[in-house]
2 protein chains.
Amino acid sequence: MSIMSSQPVFALDLQSLIRAKSVASAASASDQRPKVSTKDRILNATEALFIARGFDGTSLRAITTDAAVNLAAVNYHFGSKEELFSLVLTRRIDVLNAERLRRLDALETVGLDGVHGLEQIIATLFLPALALARDTAQGGEDFLRLLGRAYADPAPFVRSLLAERYASTNARFKAAFARALPDLANEDLSMRLHFILDSVAASLAADDVRRQLKGLKINARANDEDDLQFLAYLAPFLAAALRAAVRQPKQIAALKALAA
Amino acid sequence: MSIMSSQPVFALDLQSLIRAKSVASAASASDQRPKVSTKDRILNATEALFIARGFDGTSLRAITTDAAVNLAAVNYHFGSKEELFSLVLTRRIDVLNAERLRRLDALETVGLDGVHGLEQIIATLFLPALALARDTAQGGEDFLRLLGRAYADPAPFVRSLLAERYASTNARFKAAFARALPDLANEDLSMRLHFILDSVAASLAADDVRRQLKGLKINARANDEDDLQFLAYLAPFLAAALRAAVRQPKQIAALKALAA
DNA sequence: CATCGATTCAATCGATTGATTCAAACAGAT
DNA sequence: ATCTGTTTGAATCAATCGATTGAATCGATG
């Protein structure tokens, strides 16, 4: 303590003292400074702030303050704010989409189940997301929040990044849904699919929805079995929505009588 | 033209010339400057920019440039950026919620239909939105975009504004849904309701979804009859989703076999 | 220990943000 | 036409934005 006083000391001596101290603490049992690299601290802080405030609402100064690094470290390690956020988004979503495509490939080589083909595709879409939400190395629960925020962010940079990078994946799944729902017109399918994908993303981004998930104890999932249980909760909801018939004259007449 | 040259002129003369010119054009047949007040021009420009870029992404200078008014006019007429956006949001959503509550009141005095009670509530929620989307005085199609963007905006100011101002309305509709779905657990209802409301908002905010709506010619609605037709397209989708059973052991087993 | 590339640091850049100023111009009442 | 309160305009404020600089310091290598 007294060594660290403000009295003038030899700069070299002071630095060597600090260096020795940090090395000592790293070797100690408590390990007060967890060995997380500057790059990773910036990425993690950026992810947390993006979830809470979006792209425009997150400044580099807020990031570097939370990450306890120098402001210039962002441009040194990542080049620019956009390149940083691009990495933050893709390091999560790329993993998700790769697993989704892997499962879809496997599913299409075996062929869709005639009766439950729709549930199979839904499972292919959502099980990877649920699995990643349990993987702390992939952000855990924050993974779902990141996903929701990313698809809702109004910044042109974010929207173009998602649209361009995952266009082919979306096309693959739309084609799969089209085969499972042969009677649904292409335009109807596009709308309902987009509706569902945006829906899940938006809902998962909302804090109170996740709080309710926790209340249902379906957020304490610990293994794939629990994921299936959660999907059994969600899949009928989504499958029923996708299978619902469209624009039957009878329904119009019924609604007309009811909505007066 | 030559009068407007950069040569020194009497300030008063120049101003009077400009004034005379604008007055003349206002009296002319073409009427190049539509008599929209400064206040309304700011509100309209703010709405358009909020839809496109969100709260954080919209600067007062972008607003005043689009509205062709002076920068100081914003703070003079509205006090601050937040007060301006608060007005922009509430002038639309207040109308929507008032009409929703009016219809809900009427529905509850008559009593819910036993068979189609759920569709009645859904109609109560969505018909006012569809009607407003046809009313150019209420923003027309932009009304839906505003709604979607508002519920997705990450700015704390926007989120707290919506949560506080419309909490009671949401509670009213949740209670109504609970009566129409007596077998659905309260937590399940909360989640699904939030899921649906966020869903519609998020979907309507997406440009390509509205483009698909246009392709289905359900966006060319001109009267209440057409609204009912559109609702006949959407209501079965939503009702089926809400009515879908939850967590049946049979479905879990089926999914387990399928998701391998 | 000396050297060198990699990294961190404080300081600062020009641009943009929301907000404010005060004089000029305005519309309506008398 | 004159007066009076309201509205507009150009200029500018301090604060913050993303980005950059060059020196200081780091860890690894010879």
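Below, each value reflects all heavy atoms present in this structure, side chains not excepted, and no hydrogens, waters or symmetry copies. Naming convention: chains lettered A, B, ... in sequence-line order (proteins, then strands); numbering from 1 in each chain.
- Of the side-chain N and O atoms in B:Thr38, none sit less than 4.0 angstrom from OP1 or OP2 of D:dT7.
- The side chain to side chain donor-acceptor pair (under 3.5 Å) contacts involving residues 63-75 of chain B comprise nothing, where partners must be two or more places apart or lie in separate chains.
- In this view, A:Arg61 satisfies the side chain to side chain donor-acceptor pair (under 3.5 Å) rule with no residue, not counting sequence neighbours.
- For the pair A:His77 and C:dT8, the criterion of a side-chain N or O lying under 4.0 Å from OP1 or OP2 is met.
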**Fill in**
In B/S/- notation (B base, S sugar-phosphate only, - none; protein heavy atoms under 4.0 Å), nucleotides 13-20 of chain C written 5' to 3' is ----BBBB

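- By the side chain to side chain contact (heavy atoms under 4.5 Å, CB included) test, A:Arg165 pairs with A:Thr90, A:Asp94, sequence neighbours left out.
- Evaluation of the ring pair (Phe, Tyr, Trp, His ring centres under 6.0 Å) test over residues 131-158 of chain B, restricted to residues two or more places apart or in two chains, returns B:Phe55-B:Phe157.
- Rounded to whole Å, atom P of D:dT8 lies 10 Å from atom CZ of B:Phe78.
- For A:Asp40, the side chain to side chain donor-acceptor pair (under 3.5 Å) partners at least two apart in sequence or on another chain are A:Ser37.
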